[in-house]
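Since the structure comes first, as structure tokens, the remarks are kept for the end.
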Amino acid sequence: MNTPTLTTIKCSQCNSPLILVSQSTEKREGMRMAETVSVYRCSNQACQDEKDKQTALRIKIRNDRKLAEQKRLEEKEQKEQKRKEEENNDK
């Protein structure tokens, strides 16, 4: 879809009509039916701006958690490697 179109679907926050921005259909491996993904924006700009802020915050939190998890795993591996080296030195 090239041009965004106003829909009859209402925003769950402010009850304004949603704008269909894009729609794509994909056939994924292992699935029998094609999956349709639709992207909507609220026609109320203030509401959409708030949603955009919430989405950005959610993505930042997810990325921070992923980074912290990677750091914990690296520290765990380093401790395990250090423990093994100490065991070998004690022998």
Side-chain angles (χ1 to χ4, degrees):
M1 292 196 103
N2 293 339
T3 346
T5 54
L6 202 58
T7 65
T8 57
I9 303 169
K10 301 290 183 180
C11 174
S12 61
Q13 301 296 313
C14 68
N15 209 30
S16 296
L18 293 180
I19 300 169
L20 179 63
V21 177
S22 67
Q23 192 171 30
S24 62
T25 303
E26 298 176 1
K27 175 73 171 143
R28 296 206 175 182
E29 188 175 325
M31 296 182 72
R32 292 180 183 220
M33 302 296 290
E35 180 178 60
T36 301
V37 177
S38 301
V39 177
Y40 295 95
R41 292 186 64 80
C42 184
S43 58
N44 178 344
Q45 191 58 44
C47 179
Q48 185 61 50
D49 290 344
E50 183 61 31
K51 283 293 172 195
D52 289 344
K53 286 179 192 175
Q54 291 173 357
T55 301
L57 180 61
R58 191 171 53 249
I59 290 170
K60 181 187 180 310
I61 290 170
R62 184 183 331 144
N63 290 342
D64 290 349
R65 285 181 182 164
K66 191 181 290 185
L67 193 62
E69 177 66 20
Q70 287 174 345
K71 187 176 178 180
R72 279 192 297 272
L73 288 174
E74 288 172 3
E75 288 173 356
K76 184 178 178 181
E77 288 173 1
Q78 288 173 355
K79 286 180 183 179
E80 183 66 24
Q81 188 177 22
K82 186 176 180 181
R83 185 187 63 78
K84 285 182 180 181
E85 288 174 0
E86 288 175 356
E87 282 180 4
N88 289 337
N89 289 340
D90 291 342
K91 289 182 180 179

What is the distance from atom [atom1] of [X] to atom [atom2] of [Y], rounded to the nearest 0.5 Å?
X: Ser22; Y: Arg41; atom1: OG; atom2: CZ; answer: 11.0 Å
X: Lys27; Y: Met33; atom1: NZ; atom2: CE; answer: 8.0 Å
X: Arg65; Y: Leu67; atom1: CZ; atom2: CG; answer: 13.5 Å

Lys60, NZ: over 12 other non-hydrogen atoms inside 6.0 angstrom
no
So, are [X] and [Y] salt-bridged, with charged N and O less than 4.0 Å apart?
X: Lys76; Y: Glu80; value: no
X: Lys53; Y: Asp49; value: no
X: Glu74; Y: Lys71; value: no

Identified side chain to side chain donor-acceptor pair (under 3.5 Å) partner of Arg83 from the options Glu85, Glu87, Gln81
Glu87
Apply the test salt bridge (Lys or Arg N to Asp or Glu O under 4.0 Å) to residues Lys66 and Glu69: give CA-CA distance (whole Å), side-chain angles for both, the deciding distance (0.1 Å), then the verdict.
CA-CA 5 Å; Lys66 191 181 290 185; Glu69 177 66 20; over 6 Å; no
Fellow cluster residues of Ile59, listed by chain then number, with links counted only when side-chain atoms sit under 4.5 Å apart
none
Per the side-chain contact (heavy atoms from CB on, under 4.5 Å) rule, which among Thr5, Ile9, Leu6 passes with Leu18?
Ile9
Taking every non-hydrogen atom, the tightest pair across Cys42 and Gln48:
N-OE1, 2.6 Å
Using only heavy-atom distances, determine whether the side chains of Gln54 and Lys51 contain a donor-acceptor pair under 3.5 Å.
yes
Less than 4.5 Å apart, side chain to side chain, heavy atoms only: is that true for Ser16 and Lys10?
no
